[in-house]
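This one's a predicted model, so the numbers in the text were calculated from it and none came from an experiment.
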Amino acid sequence: MMKTIGSELKKHVLTGISYMIPLVIAGAVIMAISRVGGSIYGITDIWDAKHAESANNLIRLLHSLDGFGGMALGLMFPVIAAFIGYSISDKLAIAPGLVAGMLVKDIGAGFLGALAAGLIAGYTCLLLKKYVKLPKAAASVVPVFIVPVFGTLITVLLINYTL
């Protein structure tokens, strides 16, 4: 039983990581390009806002590239949380996972916080899907309204008040 739970958790976490890796690689490489380019000009802090106003177009471009790379890296926690949730309860958990991942990023809960956010979002949405039963005429609102709204609400409240 514990082996089964462990292998399921591993599968979900690895799914999230596999979707996160391209963002990390893209962001890090773009930032490295900007920083190496800046070093050619003797600049060791290309990320500093003062470089956005440089008279040199290439330095302004390198500064922007550093920001774009940081933007890609900033999506790391929302993406891993969303796709861990996706692995657990399919597309129902993508919105709650993304929002929870942003919250984790904002409160500084780190990588482990993002893993927890994905698991919370995924299992919350799975439980909502399983236990919220509406009449057949209203059943179509469960996956497009009930699960995303209440899945997000429950997930972020749990994260905000427990992590």
Side-chain angles (χ1 to χ4, degrees), residues 1-32 34-35 45-49 52 63-136 138-163:
M1 168 106 172
M2 288 302 281
K3 194 172 190 176
T4 305
I5 292 171
S7 69
E8 283 294 310
L9 288 175
K10 177 182 172 184
K11 179 185 94 163
H12 300 318
V13 169
L14 289 176
T15 297
I17 289 171
S18 71
Y19 280 93
M20 177 196 73
I21 286 173
L23 281 170
V24 173
I25 292 170
V29 169
I30 291 169
M31 289 175 79
S34 74
R35 293 172 186 207
D45 61 349
I46 195 68
W47 57 86
D48 193 309
H63 170 76
S64 294
L65 288 178
D66 193 71
F68 299 150
M71 193 183 308
L73 287 176
L75 290 170
M76 177 173 57
F77 293 159
V79 166
I80 193 169
F83 284 98
I84 288 173
Y86 170 79
S87 178
I88 296 167
S89 62
D90 205 36
K91 61 187 169 188
L92 294 173
I94 291 176
L98 285 170
V99 175
M102 287 299 293
L103 175 60
V104 162
K105 178 183 168 213
D106 289 348
I107 65 174
F111 183 76
L112 293 178
L115 295 180
L119 293 169
I120 293 167
Y123 285 113
T124 297
C125 292
L126 193 63
L127 289 172
L128 286 170
K129 178 183 170 187
K130 183 176 181 178
Y131 291 109
V132 173
K133 300 296 179 197
L134 296 179
K136 189 173 184 174
S140 64
V141 300
V142 173
V144 296
F145 182 80
I146 302 291
V147 174
V149 171
F150 289 100
T152 300
L153 184 62
I154 292 165
T155 300
V156 297
L157 288 173
L158 282 169
I159 292 166
N160 198 55
Y161 294 106
T162 59
L163 289 182

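No more than 12 heavy-atom neighbours from other residues, nucleotides or ligands sit within 6.0 angstrom of CZ on Phe150.
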Test side-chain contact (heavy atoms from CB on, under 4.5 Å) on Leu127 and Ile154; report intermediate values, then the result.
CA-CA 11 Å; Leu127 289 172; Ile154 292 165; over 6 Å; no
Taking it one step at a time, do Val142 and Lys129 satisfy side-chain contact (heavy atoms from CB on, under 4.5 Å)?
CA-CA 7 Å; Val142 173; Lys129 178 183 170 187; 5.6 Å; no
Check the pair Leu103, Asn160 against side-chain contact (heavy atoms from CB on, under 4.5 Å), reporting the backbone distance first and the verdict last.
CA-CA 8 Å; Leu103 175 60; Asn160 198 55; 4.1 Å; yes
Walk me through it: do Arg35 and Ile46 pass the test side-chain contact (heavy atoms from CB on, under 4.5 Å)?
CA-CA 6 Å; Arg35 293 172 186 207; Ile46 195 68; 3.8 Å; yes
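The minimum heavy-atom distance linking Ala81 with Ala117 is given by the pair CB-CB, 4.1 Å. The heavy-atom pair separating Gly74 from Lys105 by the smallest distance is O-CD, 3.4 Å. Minimum interatomic distance between Phe111 and Phe77 (heavy atoms only, all atoms of both residues): N-CZ, 3.5 Å. The shortest non-hydrogen separation linking Ile80 to Ala114 is CG2-CB, 3.6 Å. Thr15 and Phe83 make their closest contact through CG2-O, 3.7 Å (heavy atoms, listed as atom of the first residue, atom of the second, distance). Residues Val141 and Leu134 share a closest heavy-atom pair of CG2-CD1, 3.6 Å.
A donor-acceptor pair is defined here as one N or O able to donate and one able to accept, closer than 3.5 Å; no such pair exists between the side chain of Ser34 and the backbone of His63. With hydrogens and angles ignored, the 3.5 Å screen pairs a side-chain donor or acceptor of Thr152 with a backbone N or O of Pro148. Although no hydrogens or angles enter the test, the distance criterion places no donor-acceptor pair under 3.5 Å between the side chain of Thr124 and the main chain of Ala121.
Here Met20 contributes atom CE and Ile25 contributes atom CD1; the two are 9.5 Å apart, rounded to the nearest 0.5 Å. For the atom pair CD1 (Ile30) and OG (Ser64), the distance works out to 12.0 Å, reported to the nearest 0.5 Å. The distance from the CG atom of Leu119 to the CD atom of Glu8 is 11.5 Å, given to the nearest 0.5 Å. For the atom pair CG of Asp106 and CD1 of Ile159, the computed distance is 11.5 Å after rounding to the nearest 0.5 Å. If you take NZ on Lys10 and CD1 on Ile5, they are separated by 15.5 Å, rounding to the nearest 0.5 Å. To the nearest 0.5 Å, atom CD1 of residue Ile21 and atom CG of residue Leu14 are 9.0 Å apart.
Between Tyr123 and His12, the angle of the ring planes goes over 60°, which puts this pair in the perpendicular group of the 30/60° scheme.
In this structure, the side chains of Val99 and Thr155 stay at 4.5 Å or more apart for every pair of heavy atoms.
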